Amino acid sequence: MTDTSLLLGKDIWHARLYTGEWQAGTLPPAEVIEPATGAPLGPLALADAELVCRSAADASRAQPAWYAMPYEARAKVLRTAAVLAEAHFEELVDWLVKESGSTRNKAAFEASVTIKLLHECSGLPSRSQGEVLPSTPGRLSLARRRPLGVIGVISPFNFPLYLAMRAVAPALAMGNAVVLKPDPRTAVCGGLVIARLFELAGVPRGVLHVLPGGADAGAALTSAPHVAMIQFTGSTGAGRKVGEAAARNLKKASLELGGKNSLIVLDDADLDIAVANAAWGAYLHQGQICMATGRILVQRPIYARFLDRLVAKAKTLAAGDPARSDAALGPLINAQQRDHAYRIVQAAQQAGATLEAGGGYEGLFFQPTVLGGVQPDNPAFREEIFGPVAVVVPFDSDDDAIRMANDTEYGLSAAIISRDVGRAIRLGEQLRTGLLHINDQTVNDEVVNPFGGVGASGNGSSIGGPANWEEFTQWQWMTVKGEAPLYPL
Ligand code: NAD
C-alpha cells in the first residue's frame, strides 16, 4: 500500500529508477546498504549504457518545450520543489543519515542548504538573460544566454543531495534538461529523492532522468551524443577520464575534483578557537569532504600547545551509528574508503609522523586521528585521505607556510587563523586556491558563492551563485534590422 505521507515510499523507488516515469533498471538491481550497520535498505535499480543514451535522447526531445514554457512556470517548479523539500525535511535528513552515514547535524545542514539552493534557483528564470550591445544605427544587437540542451550530471557520495542538486537545480532553472547519474552508494538520497521532488513539483515528463549506476553509466553519459555538457563532481582520477572523454566528444565539461586543503594557524591565534576550527575542518563528515582540512600548518611557537589541545579534543570525539546515537562522527562510506585512510595513517608513521590520537577502526568507524610532526615528504602531507585524520605540520615563517600550502597539485580551499587580519590577508594573497577563508576553517559553502578549484581540483570551472550563468548557459549573438540591407556584391 502507498504511504502518502512519505516523499519516497518503497513502492515508488524499490528496484526503480526515473525516466519521467518510475521503471525497472536495465541491470540486475544492487542493494542499498546502511554503512553504519551493513543492513540492506532496499533494492536499487541500475542503468546500463544503453538506457543512459536513450534517456539523453529523450531528454533532448523534451528540452525545447521546457525552455519555451513561460519563465514563471519554470520558476514555479523550482519553488514547489523547495516547498516539498521543506515539508519532507525530516525524511531527507533520515535518508542522509542512514544511506550516507551522515551525523544528524551534517544531514540537517545538507538538507537546509539544498532547500536554500532550490529557492535561489527559483529566482533564476526571471533574471536578465543577457545584454544589449552597441551596434550600427538601426540594428538591435543582443547577447543572450540560452540553455545548452541536455546536461549530464555525475555526482559523488559525500554530500550526495546537495552536490547533485547544485547542478540539477540551476541547469533546469535555465531551461536545460538533465540526466543525473548519482553515485550508486548514495543513489536514493543523492538521486531518487531529487527525481521525486521534481516529479511532484510538476517537471514535464522527459526533462529530468535519474539513473543510478557506476563508472560505466557515467562513461556512457560522457559519450552520449545528445548530451551537451557534463557537470562532474568527484575524484581527480575519474575527473581526468571524464574530461578526456568530454573533449573527444566536444562536450563542455565542468569538473569539481579533489583537494588537499591547508588551514594555517599563525602564532598570534587564539588556541582554543584554532583547535575548534581544525577539528571541525578535519573531522566533519569523517573527513569525507573535498574541502576538508587536509593539512593543519601551525607556527612553531604555538605548535606543541596546539597539538596537545587538538589531541585532547580528538579524544573527546567518538564515532558511532548516527541513526541510533548522537556520536560526533559517523561511519566511513565503505571498507575501501576505510582501508585507504588506514593505509595512509600507517605509511605516515613509517615516514616519521607521530600517531598522537586514534589511528584504528572498528568496522567502518574510524577513530578521530591526529598525526603530528608531519613533513612535506610524508604521504599524509600529499595524499587526499578522505578520512578523519588531522595532519599537523609545524612551520617557522609566513613564507614557509605559503610554500607548504602551495606545495600540492590541488588548489581547492585554504584558510588562515590570526588576530592580525592584515597579515592573514597578505599571506592569503599568495595562496593558489579557488576558495580562501580568513579566520575560518576550509569547509564552507553558502550556495550563493562561486565554488571551484584550481590545479588538480578542477578545470577552471566554478559552480554556484553568479558562476551558474556561465556554467549552464551558452551565449548567442542575435541582431535584428528593420529591413535586410542590399549588399554591394
Ligand atoms: P569518484 O570519482 O570515485 O566518483 C564520483 C562519481 O563519478 C560517482 O558517481 C562515480 O560513479 C562516477 N565515476 C567514477 N568513475 C567514472 C568514470 N570513469 N566516468 C564517469 N563517471 C565515473 O569519487 P568518490 O571517491 O566517490 O568521491 C570522493 C572524491 O570526490 C574526492 O576526491 C573528493 O575530493 C571529490 N569531491 C569533490 C568535490 C568538489 O566540489 N570539488 C565535492 C565532493 C567530492
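As the structure is a computational prediction, the values presented were derived from the model and not from experiment. Remember, it's 1-based here, ligands and their atoms both numbered in the order they're listed.
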(request) Answer with yes or no whether Gly453 contacts ligand 1, where contact means a heavy atom under 4.0 Å from a ligand atom. (result)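 No.
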(message) Check for me whether Asn158 has a heavy atom closer than 4.0 Å to any atom of ligand 1.
(response)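 Yes.
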(request) Answer yes or no: is there an ion pair linking Arg196 with Glu199, defined by an N-O contact shorter than 4.0 Å? (result)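 Salt bridge flag = yes for Glu199 with Arg196.
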(request) Could you tell me whether Asp377 and Arg382 make a salt bridge, using a distance below 4.0 angstrom between a side-chain N and a carboxylate O? (result)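 Result for this pair is no, no salt bridge flagged.
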Under the 3.5 angstrom rule, does the side chain of [X] hit a backbone N or O of [Y] as a donor-acceptor pair?
{"X": "Gln286", "Y": "Gln288", "answer": "no"}
{"X": "Asn449", "Y": "Val447", "answer": "yes"}
{"X": "His285", "Y": "Asn158", "answer": "yes"}
{"X": "Arg79", "Y": "Ser122", "answer": "no"}
{"X": "Thr369", "Y": "Gly359", "answer": "yes"}

Atom indices of ligand 1, in the order listed, that fall short of 4.0 Å to a heavy atom of [X]:
{"X": "Val242", "result": "19 (N), 20 (C)"}
{"X": "Ile154", "result": "6 (C), 7 (O), 9 (O), 12 (C), 20 (C), 21 (N)"}
{"X": "Ser155", "result": "6 (C), 8 (C), 9 (O)"}
{"X": "Cys290", "result": "33 (C), 34 (O), 36 (N), 37 (C), 38 (C), 39 (C), 40 (O), 41 (N), 42 (C), 43 (C), 44 (C)"}
{"X": "Thr233", "result": "5 (C), 37 (C), 38 (C), 39 (C), 40 (O), 42 (C), 43 (C)"}
{"X": "Asp183", "result": "8 (C), 9 (O), 26 (O)"}
{"X": "Glu384", "result": "31 (C), 32 (O), 33 (C), 34 (O)"}
{"X": "Leu163", "result": "42 (C), 43 (C)"}

(request) May I ask you to identify, for Phe451, whether its side chain, its backbone, both or neither come under 4.0 Å of ligand 1 on a heavy-atom basis? (result)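 Side chain only; the backbone of Phe451 stays clear of ligand 1.
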Nearest to [atom], what protein heavy atom do you find, and at what distance?
{"atom": "atom 11 (O) of ligand 1", "result": "Lys181 NZ, 3.0 Å"}
{"atom": "atom 25 (O) of ligand 1", "result": "Phe157 CE2, 4.2 Å"}
{"atom": "atom 28 (C) of ligand 1", "result": "Phe386 CE2, 3.4 Å"}
{"atom": "atom 40 (O) of ligand 1", "result": "Arg166 NH2, 2.8 Å"}
{"atom": "atom 21 (N) of ligand 1", "result": "Gly218 CA, 3.6 Å"}
{"atom": "atom 3 (O) of ligand 1", "result": "Ser235 OG, 3.9 Å"}
{"atom": "atom 41 (N) of ligand 1", "result": "Leu257 O, 2.7 Å"}
{"atom": "atom 35 (C) of ligand 1", "result": "Gly234 O, 3.1 Å"}

(request) Applying side chain to side chain contact (heavy atoms under 4.5 Å, CB included), name anything that partners Ala85, two or more places apart in sequence or on another chain. (result)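 Per chain and number, Ala85 pairs via side chain to side chain contact (heavy atoms under 4.5 Å, CB included) with Leu92, Ile115, Leu118, Leu197.
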(request) Could you pull out all residues at least two apart from Ser155 that satisfy side chain to side chain contact (heavy atoms under 4.5 Å, CB included)? (result)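 Per chain and number, Ser155 pairs via side chain to side chain contact (heavy atoms under 4.5 Å, CB included) with Ala164, Leu180, Pro182.
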(request) Count the heavy atoms of every other residue, nucleotide or ligand shown that sit under 6.0 Å from CH2 of Trp469, and state whether that count exceeds 12. (result)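 More than 12 within 6.0 Å, yes.
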(message) Tell me whether the NZ or CZ atom of Arg295 lies within the 45° cone about the ring axis of Phe381 and under 6.0 Å from its centre.
(response)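 Because its charged atom sits under 6.0 Å from the ring centre and within 45° of the axis, Arg295 does stack over Phe381.
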(request) Report yes or no: is the cationic atom of Lys106 (NZ for Lys, CZ for Arg) closer than 6.0 Å to the six-membered ring centre of Phe159, at no more than 45° off its axis? (result)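 Output yes; distance and angle both within limits.
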(request) Report yes if Thr236 has an N/O atom closer than 3.5 Å to an N/O atom of ligand 1; otherwise report no. (result)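 N/O-N/O distance under 3.5 Å: no.
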(message) Is it the case that ligand 1 has an N or O less than 3.5 angstrom from some N or O of Arg185?
(response)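 In this structure, Arg185 places an N or O atom under 3.5 Å from an N or O of ligand 1.
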(request) Any chance you could measure Asn459, atom CG, to Phe232, atom CZ, to the nearest 0.5 Å? (result)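 These two atoms lie 11.0 Å from each other.
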